[in-house]
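First up is the structure itself, then whatever we jot down about it.
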Amino acid sequence: MARVSQAHLDARRRQILDAAALCFARNGFHATSMQDVLKEADLSAGAVYRYFSGKEELIAAIVGEVLGEVRGAFEEASRQSPPPPPDSLVAAVLGRVLALRANLVLDGVPAFPRLVVQVWSEIPRNDELAAVLREGYGGVRAAWARIVEAYQETGAMRPDIEPDHVARTMIASVLGFIAQQSLFGPAPVDVLRDGLRALMSMSSGQVDTAAEDGAVNLVETPSN
């Protein structure tokens, strides 16, 4: 029997993951059956089950792969001195992730944003997936915190803010941007980059204490 090359095995695994991602984006995790994945991948059950035992392993592999790419990119940035500015860094990493999944299309629209929304909606029901996400995003948070510390060490960012607070905010901005695409349609990463750039352009001297206090009072004062 001829030996199957590693390149062939990797390509087959990629074929299965992409098919599963399309199915999950189209119908959600629970409404998707393994038969749906087999049909989308145009493979036999034996060919698919050689790699994955079921839907849980498929979704965990998809999520782990994406978060691994994101974490690796931010860890690489954290080793630069100084790291790229947040607006450029976020746009570059998100652009890379989206480009790698540009082949995932449903009805002419990128499927990746819909997949992200489906994954997050599954968290309350799927403890194993929640654990994968918790570990993956924990690594991303840690990498972002190191980037923030580097910003603070060089004086590029105020030092009195907890790095993890910035890390969680940056993750939230990316997730929110991706979720918006499911609602409003595709948008280039330049939109997120420019929005962050505009916010970063505001200096503390441009926002006086009175205005900040007024905003706090507005939020805290109950309406009549």
Side-chain angles (χ1 to χ4, degrees), residues 6 10 13-14 17 21 60-104 110 112-113 115-117 119-120 123 129-181 186-209 211-212 215:
Q6 186 61 46
D10 292 344
R13 186 176 188 274
R14 174 84 275 138
L17 288 176
I62 293 169
V63 170
E65 181 181 64
V66 173
L67 290 178
E69 293 167 2
V70 174
R71 177 179 180 176
F74 286 133
E75 287 180 341
E76 179 182 345
S78 71
R79 292 190 288 269
Q80 298 181 37
S81 183
D87 54 340
S88 298
L89 178 55
V90 167
V93 173
L94 181 57
R96 184 188 312 175
V97 171
L98 294 177
L100 288 172
R101 284 151 188 86
N103 64 311
L104 301 179
F112 184 70
L115 176 64
V116 171
V117 172
V119 167
W120 278 87
I123 292 175
L129 178 59
V132 172
L133 284 165
R134 192 176 299 112
E135 179 181 359
Y137 277 108
V140 174
R141 279 175 62 183
W144 251 117
R146 289 193 292 273
I147 292 171
V148 173
E149 290 169 354
Y151 291 149
Q152 293 173 332
E153 289 172 0
T154 61
M157 184 176 288
R158 52 189 292 176
D160 60 329
I161 303 297
E162 177 65 35
D164 184 59
H165 295 181
V166 181
R168 295 182 66 162
T169 299
M170 298 308 297
I171 292 173
S173 68
V174 171
L175 289 174
F177 179 72
I178 294 174
Q180 285 183 47
Q181 296 194 45
V189 294
D190 294 356
V191 173
L192 179 60
R193 182 203 62 197
D194 292 347
L196 291 172
R197 186 167 295 170
L199 292 172
M200 290 164 55
S201 70
M202 296 177 65
S203 66
S204 57
Q206 293 172 308
V207 182
D208 58 39
T209 303
E212 286 188 323

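Everything numeric here is computed off the predicted structure, so don't read it as measured data. Values below: every heavy atom of this structure, side chains too, minus hydrogens, waters and symmetry copies.
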**Request:** Give a yes or no on whether the backbone of Pro84 and the side-chain of Ser88 come within a donor-acceptor separation of less than 3.5 Å.
**Result:**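 No, Ser88 side chain to Pro84 backbone: no donor-acceptor pair under 3.5 Å.
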**Gln152 side-chain N/O to Arg158 backbone N/O, donor-acceptor pair under 3.5 Å** =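 Yes, because the side chain of Gln152 sits within donor-acceptor range (under 3.5 Å) of the backbone of Arg158.
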**Prompt:** Distance from Glu75 atom CD to Gln80 atom CD, nearest 0.5 Å?
**Reply:**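 These two atoms lie 13.0 Å from each other.
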**Request:** Drop me the distance from Asp194's CG to Ser201's OG, to the nearest 0.5 angstrom.
**Result:**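 Going from the CG atom of Asp194 to the OG atom of Ser201 covers 11.0 Å.
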**Prompt:** side-chain contact (heavy atoms from CB on, under 4.5 Å) between Leu133 and Leu67: does it pass, once the steps are laid out?
**Reply:** CA-CA 8 Å; Leu133 284 165; Leu67 290 178; 4.1 Å; yes
**Request:** Show the numbers, then the answer: is there a side-chain contact (heavy atoms from CB on, under 4.5 Å) between Trp120 and Leu129?
**Result:** CA-CA 9 Å; Trp120 278 87; Leu129 178 59; over 6 Å; no
**Request:** Identify the residue among Asp164, Val166, Ile171 that makes a side-chain contact (heavy atoms from CB on, under 4.5 Å) with Arg168.
**Result:**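 That would be Asp164; it is the only one of Asp164, Val166, Ile171 passing the side-chain contact (heavy atoms from CB on, under 4.5 Å) with Arg168.
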Given side chains that start at C-beta, do those of [X] and [Y] come closer than 4.5 Å, heavy atoms only?
{"X": "Phe177", "Y": "Val174", "result": "no"}
{"X": "Trp144", "Y": "Thr169", "result": "no"}
{"X": "Tyr137", "Y": "Leu175", "result": "yes"}

Ignoring hydrogens, what is the shortest heavy-atom contact between [X] and [Y]? Give both atom names and the distance.
{"X": "Ser173", "Y": "Leu192", "value": "O-CD1, 4.1 Å"}
{"X": "Val189", "Y": "Ala91", "value": "CG2-O, 3.9 Å"}
{"X": "Phe74", "Y": "Ala143", "value": "CB-CB, 3.8 Å"}
{"X": "Pro82", "Y": "Thr154", "value": "CB-CG2, 4.2 Å"}
{"X": "Ala61", "Y": "Arg13", "value": "CB-NH2, 3.9 Å"}
{"X": "Pro86", "Y": "Met170", "value": "CB-CE, 4.1 Å"}

**Message:** Taking CD in Gln180 as the centre, count heavy atoms belonging to other residues, nucleotides or ligands within less than 6.0 Å. Is the count above 12?
**Reply:**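 Yes.
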**Message:** Evaluate Asp190 against Arg193 for salt bridge (charged side-chain N to carboxylate O under 4.0 Å, His left out), listing each step before the verdict.
**Reply:** CA-CA 5 Å; Asp190 294 356; Arg193 182 203 62 197; 3.6 Å; yes
**Asked** Run the side-chain contact (heavy atoms from CB on, under 4.5 Å) check on Glu65 and Arg14 step by step: do they pass?
**Response** CA-CA 11 Å; Glu65 181 181 64; Arg14 174 84 275 138; 2.7 Å; yes
**Request:** I would like to know whether Leu115 and Ile62 meet side-chain contact (heavy atoms from CB on, under 4.5 Å); could you show each step before the answer?
**Result:** CA-CA 10 Å; Leu115 176 64; Ile62 293 169; 3.9 Å; yes
**Asked** Going through the distances and angles, do Glu69 and Arg101 end up as a salt bridge (charged side-chain N to carboxylate O under 4.0 Å, His left out)?
**Response** CA-CA 12 Å; Glu69 293 167 2; Arg101 284 151 188 86; 2.9 Å; yes
